[in-house]
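Whatever order the structure lists ligands and atoms in, that order sets their numbers, starting from 1. What you are looking at is a predicted structure, and each value in this text was computed from that prediction instead of being measured.
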Amino acid sequence: MAEVKLERRGSVAVITLDNPPVNALSVATLTGLAQRVTAGLADPAIKAFVLTGAGKIFVGGADIREFGKPRPAEAPTLSQLIETIENASAPFVAAINGAAAGGGLELALGCHARIASPGARLGLPEVKLGLLPGAGGTQRLPRLTGVEAALDMIVSGELKPAEAALALGIVDAVAAGDVVAAAVAHAEKLAAAGKPPQRTRDLGGKIEAAKAKPELFANYRKETARRFRGYEAPQRCIDCVEAAATLPFAEGLKAERAAFLERVGSEQSKAQRHVFFAEREVAKIPDVPADTPTLPIKAAAVIGCGTMGGGIAMNFANAGIPVTVVESTKEALERGLSIIGKNYAATAAKGRLSQADMQKRLGLIKGTLAYEDIKAADIVIEAVFEEMDIKKETFRKLDALVKPAAILATNTSTLDVDEIAAVTKRPVKVIGTHFFSPANVMRLLENVRGRKSSKETIATVMALSRRIGKIGVLVGVCDGFVGNRMLAAYTRQANALILEGALPHEVDKVIYDFGFPMGPFAMGDLAGLDVSWRIRKRRQAEGKDNYPGYVVGDRLCEMGRFGQKTGQGWFRYEAGSRTPLSDPLVEATILKASAELGLKRRKIAAEEILERCMYPLINEGAKILDEGLALRSSDIDIIWINGYGFPAYRGGPMFYADRVGLAKILQVMRRLEEQHGEILRPAPLLERLAREGKGFGEP
Ligand code: T1G
Ligand code: NAD
């Protein structure tokens, strides 16, 4: 229940916002705050005010859950409240006891001084919600930090630690110990000075310089368009900061307000707000309560130090967890460890890691050929070749050697986790931990729950995911789990499209324009065509998938064209370049295959390409939900945004489907089933929801 308390400390009124979990500025909180401020300002005995938040957070911003909902007309707005505070004759000091984000920082910027505690983080992350600071943040922040620093903070949405905020001039002091007491002392000093409080809006000095550099904004827009391709909010943020530098304060405020209201109603912001909550929902497992005990992870081990093993080990070292990598040969071990070293050196060279930190992390990674060296590990992640026999042999060995309490996890991308678990005496301790390449970079971790994985094992791995900086999403066992299974439906259609008339660069352009970092063919070349070729051959050998549409991909691999790693794949690459260039040989191979399959090639419109790539992917997602292999449609959105580059400003494939409308998707899927067979039969869930006029978001 939201509460706003006022407590007197001498002539200073300390107002505390108490609305767990993050003191969000809901209508109730704003109403309470307005009442306290009005009452306080009417009390002549009160000479100054301190604002602070209850618990570990100052204020997490406006209540995002209230956006788009009707608001009582008489409810005070944050902007009005800040106006009252800024224009008050008594000084207001913000005691920033923890995160001050969005409207929370704007409230503090409306105060006449700000004191932060050392652990506080301050920023305007609205852009991450497809919004922009709508209560004066784009006008007041540049007046404290200067225009460039304000642009960096507002366009990136990053929160700054207190010390950095001090250096930027956002806070007046960082006070260890009782920050409220420090703020009360500061407020008393300001009140005693007897001068009108310093309003942030009146500070023009730091924005003067920008007036003389109009190219600043043009350059920033260009750079931002490249960094945040397809996102609308960053550009609107720049517009508002430019208004701060070029317009009088009141007009800048008006421009900001108009831009904010446009953003709140935008499709992109609805999508990015969905993603905000979806990222937090993934951690909630209905049958694994939040208080399920977890195993302490003090030491880890990784089997195989190849493409994935090395990156996985770095995640542990980055989180301060000692990790041992086990390889089968000395050469492979040395190669793996040197790649880890090179990766850290590259990050340090970019200034994103200090030498001391690099040495500390390297110091936490040990290499060995002896499995005995890892018997005390709390968790072992296996990342050896994608061959079931090798996996089973490895798990038998680990089960015999490693302490019984330890968790044994597999990084397999397609194999049956239950079959692997069955060769051990501890199937309750076996789980899949499917990292994405490059494993030290990609935020997604598909945690694959086996039939016997215990709640403790699941809870431990989900908590560990957060500890190593990953978004852990729990999924069930099936071929390709959630991400790769949906990817197969997508790439299958991409291959069909090039046999029917499109060319790889045409398909890729549609997907790139839709917002993915690259299309399916360039992505194949990046991951290595041989990886999926080996999986296809295994599936064909198991009689699981004899789809003729992969014929061109198979022929390119038979020619040794594995993509970027061989300089040729679906595209060709100049030496040292990652730019895909169309290759007439590939086109000839495609035309020949079309002819052999008796297909009459035709011009295929961009809209059909998009539908044929996205709708079967979505339909596969619906099947996965039908089978209970994903807990929520929003989990699938998080998997595709963080593992496959689905544009977050579209909310993920399932959210996007709801915006398109399931009736439309069903109609197209029905047509595709007629043309391409039952593999494209609409999922029962899609049928039902379309019939009921519902979306995946409200099953
Ligand atoms: N509104 C509603 N709920 C929120 C919320 C918010 N602003 N922030 C967090 N929550 C919920 C969250 O869903 C989760 O719920 C719980 O609180 C804990 O969150 C005019 C209009 C503040 C740094 O973008 O960045 O102000 O899952 O796990 O790690 O310009 O939360 O437990 O049910 O993230 O301690 C701008 C968003 C709003 C900041 C704390 N503000 N929040 O991190 O907790 S728009 C933001 C955060 C705005 C003005 C505009 C972080 C945090 P549940 P958590 P945390
Ligand atoms: P890789 O070939 O690059 O590395 C495998 C490593 O395992 C090699 O260095 C090899 O020497 C070592 N190895 C093999 N048998 C071993 C044993 N018995 N003991 C110790 N080490 C042994 O392969 P990769 O791409 O890193 O894939 C590893 C696993 O991760 C596979 O299951 C794969 O499906 C999965 N995966 C790969 C990717 C990817 O994009 N490459 C993504 C997700 C998951």
Quiz item: Taking atom types as modelled, is there a side-chain donor on Thr29 or Asn19 under 3.5 Å from an acceptor on the other?
Solution: yes
Quiz item: Strictly by modelled atom types, are Glu256 and Thr138 linked by a side-chain donor-acceptor pair under 3.5 Å?
Solution: yes
For ligand 1, which atoms have a heavy atom of [X] less than 4.0 angstrom away?
X	result
Pro21	16 (C), 17 (O)
Arg65	13 (O), 15 (O), 33 (O)
Ile64	1 (N), 2 (C), 6 (C), 7 (N), 38 (C)
Lys284	27 (O), 33 (O), 53 (P)
Phe277	13 (O)
Val22	4 (C), 5 (C), 8 (N), 9 (C), 10 (N), 17 (O)
Pro133	30 (O)
Phe276	8 (N), 9 (C), 13 (O), 37 (C), 42 (N)

Can you find an N or O of [X] that's nearer than 3.5 Å to an N or O of ligand 1?
X	value
Arg280	yes
Gly134	yes
Phe260	no

Heavy atom under 4.0 Å from ligand 1: found in [X]'s side chain, backbone, both, or neither?
X	value
Lys128	neither
Asp63	both
Arg121	side chain
Leu129	side chain
Ile57	side chain

Quiz item: Is the shortest distance from atom 29 (O) of ligand 1 to a protein heavy atom below 4.0 Å?
Solution: no
Quiz item: Can you check whether a protein heavy atom sits less than 4.0 angstrom from atom 9 (O) of ligand 2?
Solution: yes
Exercise. Please work out whether any backbone atom (N, CA, C, O) or any side-chain heavy atom from C-beta onward of Phe436 is under 4.0 Å from ligand 2, and answer side chain, backbone, both or neither.
Key: neither
Self-check item: Identity and separation of the nearest protein heavy atom to atom 16 (C) of ligand 2
Solution: Val384 CG1, 3.4 Å
